[in-house]
Engineer: 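Below is a structure I'd like to ask you about.
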Amino acid sequence: MDIQTLVTNIYHEVKPLAAKGEVAKYIPALASISPNNMAISLHYIDGKHFSIGDYNTPFSIQSIVKVLSFTLAHKALGNDIWKRIGKEPSGNAFNSLVQLEHENGIPRNPFINAGAIVLSDIILSHYKNPEQELLNFAKKTANETSISYNEEVARSEKETGYRNSALAYFMKSCKNIINPVEDVLDLYFLTCSLEMSTYCLAKSFLYLSNHGIVPSTNEQILTISQAKRTNALMLTSGLYNESGEFAYRVGIPAKSGVGGGIVAIIPKQLSICVWSPPLNEFGNSYAGICALEKFTTETGVSVF
Ligand code: GLN
């Protein structure tokens, strides 16, 4: 079976499963998204691509941006980043507070909220115009210009971000936040509001399947080693406290967000992005996981 037929079949098979999940409700902009949106985009490093469904509709990428923030912060600090953030799966919800006190304000990994708040602090310290830097970086990795923040989402995130504020202030008390907490949170909330389509998002993650190089421009974003290690972190921590289950069922590095997107990569081959807003109990797209599970099962691709 060719890949287009396979992905088309998967799209139709998993679309009804979205009814088993629930759209994020904590801010109006997410609560009002139609649960019927669904898209799958596939990009190969040789330039071939295939998409189906609402693949041109920009959606709130939310925590998926943590991978882009991590890339910028990792480039800025190198291995010193590991003095401020760990590399272990958290086993707790993405916005959990419990572990942080036991571990003296050092977040378990860059892909939970506490970790990404530290990433925002690092980006603020190292880049002159951090907001623009991250936006330009997303555009550069995707080699696309139609990517923007959603100011309304950023505002609502801020208005309801009590747990994120608690995480940030606690880390400040442990001296793991250098800049003023309000500035760090503003950047964190803004980055969560980034909107991209599955088409752009899958394209943007190709540098991670291509040893750190954007295939369409040949620009080296990360060293081979940094790219491989980012993928290792996505495999172990990309789906919060469902990362083990996801590695077991799907078996490839991926990152999810509460907007219902999941983007995954297969080294030296491709990246794939699925969007279906209804989430499971861990805050990951219900149908998105099913689609990726079918994709790796039916194509036989794996990193193992
Ligand atoms: N904006 C969300 C938050 O900070 C992002 C969480 C997510 O996508 N898991 O809580």
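Atoms within each ligand, like the ligands themselves, are counted from 1 in listed order.
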Engineer: I'd like to know whether the aromatic ring centres of F50 and H43 sit less than 6.0 Å apart in this structure.
Structural biologist: no

Engineer: Starting from atom 1 (N) of ligand 1, what is the nearest protein heavy atom, named by residue and atom, and what distance separates them?
Structural biologist: Q62 OE1, 2.6 Å

Engineer: With a cut-off of under 6.0 Å to the ring centre and 45° to the axis, is K48 in cation-pi contact with Y44?
Structural biologist: yes

Engineer: Quick check against the 3.5 Å criterion: does K172 have a side-chain atom that pairs as donor or acceptor with the backbone of N179?
Structural biologist: yes

Engineer: Check E144 with K139, please: is the shortest side-chain N to carboxylate O separation under 4.0 Å?
Structural biologist: no

Engineer: Side chain, backbone, both or neither: which part of E157 comes within less than 4.0 Å of ligand 1 when only heavy atoms are counted?
Structural biologist: side chain

Engineer: Can you label the angle between the Y240 ring and the F94 ring as parallel, tilted or perpendicular, going by 30° and 60°?
Structural biologist: tilted

Engineer: W82 vs F70 aromatic rings, parallel, tilted or perpendicular, using cut-offs 30° and 60°?
Structural biologist: tilted

Engineer: Select one of side chain, backbone, both or neither to describe which atoms of N164 lie under 4.0 Å from any atom of ligand 1, heavy atoms only.
Structural biologist: side chain

Engineer: Quick one: nearest non-hydrogen protein atom to atom 3 (C) of ligand 1, plus distance?
Structural biologist: N113 ND2, 3.4 Å

Engineer: Give the residue, atom name and distance (to 0.1 Å) of the protein heavy atom nearest atom 4 (O) of ligand 1.
Structural biologist: Y188 OH, 2.6 Å

Engineer: Who's the nearest protein heavy-atom neighbour of atom 6 (C) of ligand 1, and how far?
Structural biologist: S63 OG, 3.1 Å

Engineer: So that I can tick it off, tell me whether E293 and R249 are bridged by a salt bridge, with the cut-off set at under 4.0 angstrom between side-chain N and carboxylate O.
Structural biologist: yes

Engineer: Does any N or O of ligand 1 fall below 3.5 Å from an N or O anywhere on V258, backbone included?
Structural biologist: yes

Engineer: Can you tell me which residue and heavy atom of the protein come closest to atom 9 (N) of ligand 1, and the distance to 0.1 Å?
Structural biologist: Y240 OH, 2.6 Å

Engineer: Classify the contact between F189 and ligand 1 as side chain, backbone, both or neither, using a heavy-atom distance cut-off of under 4.0 Å.
Structural biologist: neither

